[in-house]
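For reference, the structure discussed in these notes is given below.
Each chain gets a letter, A, B and so on, in the order the sequences are listed, and its residues count up from 1.
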Number of protein chains: 2
Amino acid sequence: MPSDLVAHGPSDSDPKAAYPQPSTARPAPRARTARAAEIIDAARTLLEDRGPRGLTMRKLADTVGIQAASLYKHLPSRRALEVALVEHGLDEIGSALHGVLAKSTADPIGALLDAYRSAGLANPQLYRLVTSGSFPRGQILEGLEAWAGEPFFLAAGDPHLAQALWSFAHGTLLLELDGRFLDGSDLDRTWQAGAEAFKAARRAIPRPSVR
Amino acid sequence: MPSDLVAHGPSDSDPKAAYPQPSTARPAPRARTARAAEIIDAARTLLEDRGPRGLTMRKLADTVGIQAASLYKHLPSRRALEVALVEHGLDEIGSALHGVLAKSTADPIGALLDAYRSAGLANPQLYRLVTSGSFPRGQILEGLEAWAGEPFFLAAGDPHLAQALWSFAHGTLLLELDGRFLDGSDLDRTWQAGAEAFKAARRAIPRPSVR
DNA sequence: CACATTCGGCTAACATTGTTAGCCTTCGGG
DNA sequence: CCCGAAGGCTAACAATGTTAGCCGAATGTG
(Lines give C-alpha, C1' and ligand atoms only; values in the text may rest on other atoms or scores of the structure.)
Protein backbone atom coordinates (compact mmCIF):
# COMPACT_ATOMS: atom_id res chain seq x y z
CA MET A 1 0.00 0.00 0.00
CA PRO A 2 2.14 2.79 -1.25
CA SER A 3 2.55 6.28 0.01
CA ASP A 4 -0.37 8.02 1.48
CA LEU A 5 -2.59 5.02 1.52
CA VAL A 6 -3.88 6.58 4.63
CA ALA A 7 -5.26 9.80 3.32
CA HIS A 8 -5.70 12.28 6.02
CA GLY A 9 -7.11 15.67 6.59
CA PRO A 10 -5.77 18.91 5.14
CA SER A 11 -2.78 18.34 7.45
CA ASP A 12 -1.95 19.13 10.99
CA SER A 13 -1.52 22.78 10.30
CA ASP A 14 -5.28 23.12 10.22
CA PRO A 15 -6.78 20.83 12.84
CA LYS A 16 -10.09 22.57 12.55
CA ALA A 17 -10.59 21.58 8.94
CA ALA A 18 -13.42 19.21 8.12
CA TYR A 19 -12.62 15.75 9.44
CA PRO A 20 -14.58 13.21 7.42
CA GLN A 21 -12.78 14.03 4.22
CA PRO A 22 -14.92 14.45 1.13
CA SER A 23 -14.74 11.02 -0.35
CA THR A 24 -11.82 10.71 -2.70
CA ALA A 25 -12.77 9.59 -6.16
CA ARG A 26 -11.46 6.38 -7.63
CA PRO A 27 -9.38 7.42 -10.63
CA ALA A 28 -10.43 5.99 -13.96
CA PRO A 29 -8.44 2.89 -14.91
CA ARG A 30 -5.73 3.33 -17.48
CA ALA A 31 -6.67 2.79 -21.12
CA ARG A 32 -5.03 -0.31 -22.59
CA THR A 33 -5.11 -2.26 -25.80
CA ALA A 34 -6.82 -5.64 -25.62
CA ARG A 35 -3.53 -7.45 -26.07
CA ALA A 36 -1.83 -5.53 -23.31
CA ALA A 37 -4.70 -6.27 -20.96
CA GLU A 38 -4.47 -9.92 -21.86
CA ILE A 39 -0.77 -9.96 -21.09
CA ILE A 40 -1.24 -8.23 -17.77
CA ASP A 41 -3.94 -10.72 -16.88
CA ALA A 42 -1.69 -13.62 -17.74
CA ALA A 43 1.07 -12.05 -15.69
CA ARG A 44 -1.22 -11.85 -12.75
CA THR A 45 -2.26 -15.47 -12.74
CA LEU A 46 1.33 -16.45 -13.39
CA LEU A 47 2.43 -14.43 -10.40
CA GLU A 48 -0.23 -15.82 -8.14
CA ASP A 49 0.26 -19.42 -9.26
CA ARG A 50 3.99 -19.72 -9.65
CA GLY A 51 5.15 -17.06 -7.23
CA PRO A 52 7.28 -14.03 -7.92
CA ARG A 53 10.14 -16.02 -9.30
CA GLY A 54 7.76 -17.75 -11.67
CA LEU A 55 6.88 -14.50 -13.31
CA THR A 56 9.55 -14.03 -15.92
CA MET A 57 9.27 -12.35 -19.27
CA ARG A 58 9.93 -15.57 -21.13
CA LYS A 59 7.45 -17.64 -19.17
CA LEU A 60 4.90 -14.91 -19.52
CA ALA A 61 5.50 -14.80 -23.25
CA ASP A 62 5.11 -18.56 -23.37
CA THR A 63 1.72 -18.58 -21.71
CA VAL A 64 0.57 -15.89 -24.10
CA GLY A 65 1.98 -17.86 -27.02
CA ILE A 66 4.50 -15.32 -28.06
CA GLN A 67 8.23 -14.63 -27.99
CA ALA A 68 9.68 -12.84 -25.00
CA ALA A 69 11.00 -9.98 -27.08
CA SER A 70 7.57 -9.41 -28.54
CA LEU A 71 6.25 -8.48 -25.14
CA TYR A 72 8.07 -5.23 -25.49
CA LYS A 73 5.76 -4.28 -28.33
CA HIS A 74 3.06 -3.99 -25.68
CA LEU A 75 4.86 -3.06 -22.50
CA PRO A 76 7.97 -0.94 -22.15
CA SER A 77 9.54 -3.00 -19.37
CA ARG A 78 9.04 -5.52 -16.65
CA ARG A 79 8.78 -2.62 -14.26
CA ALA A 80 5.83 -1.24 -16.17
CA LEU A 81 4.19 -4.62 -15.97
CA GLU A 82 4.63 -4.60 -12.22
CA VAL A 83 3.19 -1.13 -12.01
CA ALA A 84 0.13 -2.35 -13.88
CA LEU A 85 -0.24 -5.22 -11.44
CA VAL A 86 0.14 -2.87 -8.52
CA GLU A 87 -2.67 -0.75 -9.88
CA HIS A 88 -4.85 -3.82 -10.19
CA GLY A 89 -4.09 -4.72 -6.61
CA LEU A 90 -4.77 -1.25 -5.27
CA ASP A 91 -8.02 -1.17 -7.12
CA GLU A 92 -9.20 -4.45 -5.68
CA ILE A 93 -8.13 -3.75 -2.14
CA GLY A 94 -9.61 -0.28 -2.26
CA SER A 95 -12.89 -1.63 -3.58
CA ALA A 96 -13.07 -4.22 -0.84
CA LEU A 97 -12.37 -1.70 1.89
CA HIS A 98 -14.74 0.94 0.59
CA GLY A 99 -17.39 -1.69 0.07
CA VAL A 100 -17.27 -2.98 3.60
CA LEU A 101 -17.31 0.47 5.11
CA ALA A 102 -20.33 1.39 3.06
CA LYS A 103 -22.34 -1.38 4.70
CA SER A 104 -21.33 -2.22 8.23
CA THR A 105 -21.79 0.66 10.61
CA ALA A 106 -21.61 -1.11 13.94
CA ASP A 107 -17.93 -2.01 14.05
CA PRO A 108 -16.07 -0.26 11.24
CA ILE A 109 -12.58 -1.02 12.54
CA GLY A 110 -13.26 -4.71 12.93
CA ALA A 111 -14.94 -4.92 9.57
CA LEU A 112 -12.14 -3.01 7.89
CA LEU A 113 -9.47 -5.29 9.33
CA ASP A 114 -11.40 -8.36 8.25
CA ALA A 115 -11.76 -7.04 4.73
CA TYR A 116 -8.09 -6.12 4.56
CA ARG A 117 -7.05 -9.53 5.76
CA SER A 118 -9.36 -11.32 3.35
CA ALA A 119 -8.18 -9.29 0.41
CA GLY A 120 -4.58 -10.07 1.21
CA LEU A 121 -5.12 -13.77 1.82
CA ALA A 122 -7.04 -14.06 -1.43
CA ASN A 123 -4.11 -12.77 -3.45
CA PRO A 124 -0.97 -13.13 -1.40
CA GLN A 125 1.58 -12.58 -4.12
CA LEU A 126 -0.22 -9.59 -5.47
CA TYR A 127 -0.46 -8.12 -2.01
CA ARG A 128 3.24 -8.57 -1.50
CA LEU A 129 3.98 -6.97 -4.82
CA VAL A 130 1.76 -4.01 -4.06
CA THR A 131 3.20 -3.39 -0.63
CA SER A 132 6.79 -4.51 -0.81
CA GLY A 133 9.76 -2.28 -1.24
CA SER A 134 9.75 1.31 -2.24
CA PHE A 135 8.57 1.78 -5.75
CA PRO A 136 8.39 4.83 -7.97
CA ARG A 137 5.35 6.60 -6.69
CA GLY A 138 5.19 8.80 -9.76
CA GLN A 139 4.28 5.88 -11.99
CA ILE A 140 1.10 4.95 -10.18
CA LEU A 141 -2.22 6.38 -11.29
CA GLU A 142 -2.70 9.71 -9.61
CA GLY A 143 -4.98 9.48 -6.62
CA LEU A 144 -5.24 5.72 -6.54
CA GLU A 145 -3.23 5.26 -3.39
CA ALA A 146 -5.13 7.93 -1.57
CA TRP A 147 -8.44 6.44 -2.60
CA ALA A 148 -7.46 2.93 -1.63
CA GLY A 149 -6.25 4.02 1.79
CA GLU A 150 -9.08 6.37 2.60
CA PRO A 151 -11.15 3.77 4.48
CA PHE A 152 -8.54 3.62 7.19
CA PHE A 153 -8.98 7.27 7.85
CA LEU A 154 -12.73 6.96 7.79
CA ALA A 155 -12.69 4.08 10.25
CA ALA A 156 -10.10 5.51 12.61
CA GLY A 157 -11.39 9.03 12.68
CA ASP A 158 -7.92 10.40 13.31
CA PRO A 159 -5.01 10.54 10.89
CA HIS A 160 -2.39 9.24 13.26
CA LEU A 161 -4.52 6.45 14.57
CA ALA A 162 -5.42 5.66 10.98
CA GLN A 163 -1.80 5.25 10.00
CA ALA A 164 -1.14 3.14 13.07
CA LEU A 165 -4.14 1.00 12.26
CA TRP A 166 -2.98 0.48 8.72
CA SER A 167 0.48 -0.36 10.00
CA PHE A 168 -0.94 -3.02 12.24
CA ALA A 169 -3.01 -4.52 9.46
CA HIS A 170 -0.09 -4.47 7.06
CA GLY A 171 2.33 -5.97 9.52
CA THR A 172 0.00 -8.70 10.67
CA LEU A 173 -0.97 -9.62 7.14
CA LEU A 174 2.65 -9.81 6.00
CA LEU A 175 3.63 -11.95 8.94
CA GLU A 176 0.67 -14.20 8.32
CA LEU A 177 1.42 -14.53 4.63
CA ASP A 178 5.06 -15.24 5.32
CA GLY A 179 4.17 -17.84 7.90
CA ARG A 180 6.13 -16.14 10.61
CA PHE A 181 3.65 -16.89 13.33
CA LEU A 182 3.12 -20.24 14.91
CA ASP A 183 -0.14 -22.05 14.37
CA GLY A 184 -3.34 -21.02 12.69
CA SER A 185 -5.62 -20.86 15.67
CA ASP A 186 -3.64 -18.08 17.24
CA LEU A 187 -3.98 -15.86 14.23
CA ASP A 188 -7.61 -14.98 14.64
CA ARG A 189 -6.87 -13.98 18.17
CA THR A 190 -3.83 -11.98 17.17
CA TRP A 191 -5.95 -9.98 14.75
CA GLN A 192 -8.58 -9.65 17.39
CA ALA A 193 -6.17 -8.47 20.06
CA GLY A 194 -4.99 -5.69 17.79
CA ALA A 195 -8.52 -4.83 16.75
CA GLU A 196 -9.59 -4.47 20.36
CA ALA A 197 -6.65 -2.22 21.13
CA PHE A 198 -7.46 0.08 18.24
CA LYS A 199 -11.16 0.10 18.92
CA ALA A 200 -10.47 1.21 22.46
CA ALA A 201 -8.13 3.90 21.22
CA ARG A 202 -10.78 5.03 18.78
CA ARG A 203 -13.25 5.45 21.59
CA ALA A 204 -10.78 7.57 23.49
CA ILE A 205 -10.59 10.05 20.65
CA PRO A 206 -12.81 13.08 20.99
CA ARG A 207 -15.71 12.84 18.58
CA PRO A 208 -15.12 15.20 15.65
CA SER A 209 -17.90 17.72 15.76
CA VAL A 210 -19.74 17.17 12.50
CA ARG A 211 -20.65 20.74 12.06
CA MET B 1 11.52 -11.66 12.28
CA PRO B 2 10.89 -15.21 11.37
CA SER B 3 8.52 -17.66 12.88
CA ASP B 4 7.90 -17.57 16.51
CA LEU B 5 9.65 -14.31 17.07
CA VAL B 6 7.00 -13.82 19.63
CA ALA B 7 7.62 -16.68 21.91
CA HIS B 8 4.69 -17.47 24.05
CA GLY B 9 3.65 -19.66 26.86
CA PRO B 10 3.34 -23.42 26.77
CA SER B 11 0.34 -22.82 24.49
CA ASP B 12 -3.28 -22.07 24.97
CA SER B 13 -4.07 -25.57 26.05
CA ASP B 14 -2.60 -24.79 29.42
CA PRO B 15 -3.53 -21.23 30.34
CA LYS B 16 -2.51 -21.82 33.90
CA ALA B 17 1.10 -22.45 33.00
CA ALA B 18 3.69 -19.99 34.23
CA TYR B 19 3.32 -16.75 32.36
CA PRO B 20 6.64 -14.92 32.43
CA GLN B 21 8.50 -17.54 30.47
CA PRO B 22 11.87 -18.58 31.78
CA SER B 23 14.18 -16.35 29.81
CA THR B 24 15.19 -18.00 26.59
CA ALA B 25 18.91 -18.27 26.12
CA ARG B 26 20.68 -16.63 23.24
CA PRO B 27 22.14 -19.46 21.20
CA ALA B 28 25.86 -19.38 20.72
CA PRO B 29 26.87 -17.84 17.40
CA ARG B 30 27.90 -20.18 14.65
CA ALA B 31 31.58 -21.04 14.38
CA ARG B 32 33.17 -19.60 11.25
CA THR B 33 36.60 -19.35 9.73
CA ALA B 34 38.13 -15.90 9.75
CA ARG B 35 37.83 -15.59 5.99
CA ALA B 36 34.16 -16.51 6.01
CA ALA B 37 33.49 -13.96 8.70
CA GLU B 38 35.32 -11.35 6.67
CA ILE B 39 33.20 -12.13 3.62
CA ILE B 40 29.97 -11.95 5.57
CA ASP B 41 31.05 -8.65 7.01
CA ALA B 42 31.82 -7.30 3.57
CA ALA B 43 28.47 -8.55 2.34
CA ARG B 44 26.75 -6.73 5.10
CA THR B 45 28.28 -3.35 4.40
CA LEU B 46 27.75 -3.92 0.71
CA LEU B 47 24.08 -4.65 1.35
CA GLU B 48 23.61 -1.64 3.55
CA ASP B 49 25.52 0.73 1.28
CA ARG B 50 24.49 -0.35 -2.18
CA GLY B 51 21.12 -1.87 -1.45
CA PRO B 52 19.95 -5.41 -2.11
CA ARG B 53 20.64 -5.23 -5.80
CA GLY B 54 24.13 -4.06 -5.04
CA LEU B 55 24.92 -7.24 -3.21
CA THR B 56 25.99 -9.64 -5.93
CA MET B 57 28.46 -12.44 -5.72
CA ARG B 58 30.81 -10.77 -8.15
CA LYS B 59 30.74 -7.39 -6.46
CA LEU B 60 31.18 -9.05 -3.12
CA ALA B 61 34.15 -10.98 -4.47
CA ASP B 62 35.59 -7.75 -5.81
CA THR B 63 35.46 -5.95 -2.49
CA VAL B 64 37.15 -8.90 -0.86
CA GLY B 65 39.77 -8.98 -3.62
CA ILE B 66 38.85 -12.37 -4.92
CA GLN B 67 37.13 -14.07 -7.83
CA ALA B 68 33.41 -14.73 -7.61
CA ALA B 69 33.79 -18.44 -7.96
CA SER B 70 36.22 -18.50 -5.07
CA LEU B 71 33.50 -17.34 -2.73
CA TYR B 72 32.07 -20.83 -2.96
CA LYS B 73 35.12 -22.14 -1.18
CA HIS B 74 33.80 -20.39 1.91
CA LEU B 75 30.05 -20.32 1.47
CA PRO B 76 27.88 -22.92 -0.21
CA SER B 77 25.52 -20.45 -1.84
CA ARG B 78 24.15 -16.96 -1.90
CA ARG B 79 21.28 -18.23 0.17
CA ALA B 80 23.65 -19.33 2.90
CA LEU B 81 25.18 -15.90 2.85
CA GLU B 82 21.76 -14.39 3.36
CA VAL B 83 21.06 -16.77 6.19
CA ALA B 84 24.25 -15.63 7.87
CA LEU B 85 23.18 -12.02 7.48
CA VAL B 86 19.78 -12.82 8.89
CA GLU B 87 21.39 -14.34 11.94
CA HIS B 88 23.46 -11.22 12.40
CA GLY B 89 20.36 -9.11 12.17
CA LEU B 90 18.38 -11.23 14.60
CA ASP B 91 21.24 -11.12 17.03
CA GLU B 92 21.46 -7.35 16.92
CA ILE B 93 17.76 -6.70 17.14
CA GLY B 94 17.36 -9.21 19.91
CA SER B 95 20.22 -7.65 21.85
CA ALA B 96 18.71 -4.20 21.49
CA LEU B 97 15.29 -5.35 22.66
CA HIS B 98 16.53 -7.40 25.57
CA GLY B 99 18.83 -4.59 26.56
CA VAL B 100 16.13 -2.00 26.72
CA LEU B 101 13.77 -4.23 28.65
CA ALA B 102 16.45 -4.97 31.18
CA LYS B 103 16.68 -1.28 32.06
CA SER B 104 13.46 0.65 31.70
CA THR B 105 10.71 -0.60 33.90
CA ALA B 106 8.33 2.34 33.73
CA ASP B 107 7.06 2.00 30.17
CA PRO B 108 8.22 -1.29 28.66
CA ILE B 109 5.95 -1.15 25.61
CA GLY B 110 7.02 2.34 24.65
CA ALA B 111 10.68 1.55 25.24
CA LEU B 112 10.42 -1.66 23.27
CA LEU B 113 8.85 0.05 20.28
CA ASP B 114 11.48 2.75 20.36
CA ALA B 115 14.26 0.21 20.42
CA TYR B 116 12.69 -1.79 17.60
CA ARG B 117 12.31 1.29 15.46
CA SER B 118 15.84 2.46 16.14
CA ALA B 119 17.30 -0.91 15.32
CA GLY B 120 15.45 -1.01 12.03
CA LEU B 121 16.27 2.53 11.03
CA ALA B 122 19.92 1.96 11.81
CA ASN B 123 20.15 -0.94 9.35
CA PRO B 124 17.22 -0.71 6.95
CA GLN B 125 18.42 -3.16 4.37
CA LEU B 126 19.37 -5.72 6.94
CA TYR B 127 16.01 -5.36 8.60
CA ARG B 128 14.26 -5.90 5.29
CA LEU B 129 16.36 -8.94 4.61
CA VAL B 130 15.64 -10.41 8.01
CA THR B 131 11.93 -9.86 7.84
CA SER B 132 11.03 -10.10 4.17
CA GLY B 133 9.54 -13.10 2.50
CA SER B 134 9.32 -16.56 3.85
CA PHE B 135 12.66 -18.18 4.25
CA PRO B 136 13.66 -21.67 5.24
CA ARG B 137 13.22 -21.64 8.93
CA GLY B 138 15.28 -24.75 9.38
CA GLN B 139 18.47 -23.00 8.35
CA ILE B 140 18.40 -20.43 11.11
CA LEU B 141 20.23 -21.09 14.35
CA GLU B 142 17.94 -23.02 16.64
CA GLY B 143 16.29 -20.81 19.19
CA LEU B 144 17.51 -17.54 17.79
CA GLU B 145 14.15 -16.37 16.57
CA ALA B 146 12.46 -17.22 19.83
CA TRP B 147 15.11 -15.42 21.80
CA ALA B 148 14.97 -12.32 19.62
CA GLY B 149 11.22 -12.11 19.88
CA GLU B 150 10.89 -12.85 23.52
CA PRO B 151 10.88 -9.20 24.61
CA PHE B 152 7.54 -8.69 22.91
CA PHE B 153 6.01 -11.33 25.07
CA LEU B 154 7.63 -9.93 28.17
CA ALA B 155 6.39 -6.44 27.45
CA ALA B 156 2.88 -7.39 26.37
CA GLY B 157 2.23 -9.94 29.05
CA ASP B 158 -0.10 -11.89 26.78
CA PRO B 159 0.83 -13.98 23.77
CA HIS B 160 -1.86 -12.65 21.47
CA LEU B 161 -1.28 -9.06 22.40
CA ALA B 162 2.43 -9.70 21.99
CA GLN B 163 1.99 -10.92 18.44
CA ALA B 164 -0.27 -7.98 17.66
CA LEU B 165 2.27 -5.60 19.12
CA TRP B 166 5.03 -7.11 17.07
CA SER B 167 2.84 -6.90 14.00
CA PHE B 168 2.27 -3.23 14.57
CA ALA B 169 5.96 -2.56 15.06
CA HIS B 170 6.87 -4.56 12.00
CA GLY B 171 4.27 -2.94 9.79
CA THR B 172 5.03 0.57 10.88
CA LEU B 173 8.74 0.10 10.48
CA LEU B 174 8.40 -1.36 7.02
CA LEU B 175 6.12 1.42 5.89
CA GLU B 176 8.50 3.96 7.33
CA LEU B 177 11.52 2.39 5.67
CA ASP B 178 9.73 2.17 2.36
CA GLY B 179 8.64 5.75 2.58
CA ARG B 180 5.00 4.89 2.26
CA PHE B 181 3.84 7.50 4.72
CA LEU B 182 3.72 11.18 4.07
CA ASP B 183 6.05 13.44 5.96
CA GLY B 184 8.43 12.85 8.81
CA SER B 185 6.70 14.76 11.52
CA ASP B 186 3.70 12.49 11.41
CA LEU B 187 5.72 9.38 12.01
CA ASP B 188 6.52 9.97 15.63
CA ARG B 189 2.85 10.46 16.23
CA THR B 190 1.92 7.38 14.26
CA TRP B 191 4.21 5.29 16.43
CA GLN B 192 2.85 7.02 19.48
CA ALA B 193 -0.74 6.45 18.52
CA GLY B 194 -0.11 2.75 18.19
CA ALA B 195 1.90 2.66 21.39
CA GLU B 196 -0.92 4.27 23.32
CA ALA B 197 -3.44 1.81 21.95
CA PHE B 198 -1.34 -1.16 23.00
CA LYS B 199 -0.47 0.27 26.36
CA ALA B 200 -4.15 0.68 27.09
CA ALA B 201 -4.83 -2.86 25.97
CA ARG B 202 -2.04 -4.06 28.20
CA ARG B 203 -3.63 -2.39 31.17
CA ALA B 204 -6.91 -4.11 30.40
CA ILE B 205 -5.29 -7.52 30.69
CA PRO B 206 -5.65 -9.25 34.04
CA ARG B 207 -2.36 -9.20 35.89
CA PRO B 208 -0.82 -12.70 35.74
CA SER B 209 -0.63 -13.89 39.27
CA VAL B 210 3.06 -14.41 39.91
CA ARG B 211 2.59 -17.32 42.16
C1' DC C 1 62.94 -35.74 4.05
C1' DA C 2 59.37 -37.02 0.77
C1' DC C 3 54.77 -37.35 -0.08
C1' DA C 4 49.82 -36.70 0.13
C1' DT C 5 46.12 -33.85 1.22
C1' DT C 6 43.61 -30.07 1.94
C1' DC C 7 42.92 -25.06 1.44
C1' DG C 8 42.01 -21.43 -1.32
C1' DG C 9 42.76 -19.15 -5.22
C1' DC C 10 42.10 -19.03 -10.64
C1' DT C 11 39.79 -19.39 -15.54
C1' DA C 12 36.15 -21.05 -18.41
C1' DA C 13 31.78 -22.10 -18.98
C1' DC C 14 26.54 -22.66 -18.56
C1' DA C 15 21.73 -21.49 -17.95
C1' DT C 16 18.66 -17.87 -16.90
C1' DT C 17 17.42 -13.18 -16.35
C1' DG C 18 15.82 -8.47 -18.70
C1' DT C 19 16.40 -6.04 -22.84
C1' DT C 20 17.77 -4.24 -27.66
C1' DA C 21 18.42 -4.38 -32.67
C1' DG C 22 16.92 -5.56 -36.87
C1' DC C 23 14.06 -8.10 -40.09
C1' DC C 24 9.59 -9.51 -42.11
C1' DT C 25 4.62 -10.08 -42.78
C1' DT C 26 0.06 -8.38 -42.67
C1' DC C 27 -3.31 -5.17 -43.05
C1' DG C 28 -5.90 -0.68 -43.11
C1' DG C 29 -6.11 3.98 -45.05
C1' DG C 30 -4.44 7.76 -48.31
C1' DC D 1 -1.57 0.79 -55.28
C1' DC D 2 1.50 1.83 -51.99
C1' DC D 3 3.01 3.07 -47.29
C1' DG D 4 3.38 2.88 -42.82
C1' DA D 5 2.39 1.04 -38.58
C1' DA D 6 1.40 -3.12 -35.61
C1' DG D 7 3.05 -7.00 -34.08
C1' DG D 8 5.36 -10.98 -34.59
C1' DC D 9 10.31 -13.34 -35.11
C1' DT D 10 15.55 -14.48 -34.38
C1' DA D 11 19.98 -13.23 -32.64
C1' DA D 12 22.45 -11.16 -29.48
C1' DC D 13 24.33 -8.78 -25.08
C1' DA D 14 25.38 -8.04 -20.35
C1' DA D 15 24.72 -9.52 -15.68
C1' DT D 16 23.14 -12.97 -12.49
C1' DG D 17 24.20 -17.46 -9.59
C1' DT D 18 26.76 -21.52 -9.96
C1' DT D 19 29.79 -25.64 -11.42
C1' DA D 20 33.93 -27.94 -13.18
C1' DG D 21 38.52 -28.37 -13.33
C1' DC D 22 43.29 -26.73 -12.72
C1' DC D 23 47.09 -25.33 -9.74
C1' DG D 24 50.23 -23.54 -6.12
C1' DA D 25 51.22 -23.32 -1.43
C1' DA D 26 50.79 -24.78 3.16
C1' DT D 27 50.44 -28.55 6.32
C1' DG D 28 50.78 -32.37 8.31
C1' DT D 29 52.39 -37.72 8.25
C1' DG D 30 55.05 -41.89 6.92
### Task
Would you kindly compare B/Gly65 and A/Met57 by the position of their nearest DNA chain C nucleotide and give the one closer to the 5′ end?
B/Gly65

### Task
Under 4.0 Å from any atom of DNA chain D, heavy atoms only: list the residues of residues 66-73 of chain A that qualify, in numerical order.
A/Ile66, A/Gln67, A/Ala69, A/Ser70, A/Lys73

### Message
What is the distance, to the nearest angstrom, from the CG atom on A/Leu75 to the P atom on D/dA6?
### Response
15 Å

### D/dA15 phosphate, OP1 or OP2, under 4.0 Å from B/Thr56 side-chain N/O
no

### Value in whole Å for how far the P atom of C/dA12 lies from CZ of B/Arg58
13 Å

### Message
Whether the side chain of B/Glu48 engages the backbone of B/Leu126 through a donor-acceptor N/O pair (distance < 3.5 Å, no angle test) should be reported.
### Response
yes

### Task
For the pair A/Phe181 and B/Trp166, name the ring-plane relationship: parallel under 30°, tilted 30 to 60°, perpendicular over 60°.
perpendicular

### Task
Grab the CG-P distance between B/Leu81 and D/dG17 for me, whole Å please.
10 Å

### Message
For a 4.5 angstrom cut-off between non-hydrogen side-chain atoms, does A/Asn123 reach A/Leu47?
### Response
no

### For DNA chain D, the residues among residues 30-42 of chain A that have a non-hydrogen atom under 4.0 Å from it
A/Arg35

#### Entry: Atom-pair distance (CZ on B/Arg78; P on C/dT17), nearest Å
16 Å

### Query
Out of D/dT16, D/dT18, C/dG18, which has the shortest distance to the side chain of B/Ser77?
D/dT18

### Message
Nearest whole Å is fine: how far is C/dT17 P from A/Glu82 CD?
### Response
15 Å

### Query
Are any of the side-chain nitrogens in B/Glu92 or B/Arg44 under 4.0 Å away from the carboxylate oxygens of its partner?
yes

### Query
With a 6.0 Å cut-off on ring centres, are B/Phe168 and B/Phe152 close enough?
no

### Query
Please give, in whole Å, the distance from D/dG7 C1' to A/His74 NE2?
6 Å

### Message
Distance check needed: C/dG18 C1' versus A/Leu55 CG, whole Å only.
### Response
12 Å

### Presence of salt bridge, A/Arg137 and B/Asp178, under 4.0 angstrom
no

### Task
Before accepting this row, confirm whether a basic side-chain N of the pair A/Asp188/A/Arg117 lies closer than 4.0 Å to the acidic partner's carboxylate O.
yes

### Query
Does a donor on one side chain sit under 3.5 Å from an acceptor on the other, for A/Ser95 and A/Arg26?
yes

### Message
Which residue in the set A/Leu55, A/Asp62, A/Thr56, A/Val64 passes side-chain contact (heavy atoms from CB on, under 4.5 Å) when paired with A/Leu46?
### Response
A/Leu55

### Summary
To the nearest angstrom, the CG-P distance between B/Leu60 and D/dA15 comes to 17 Å

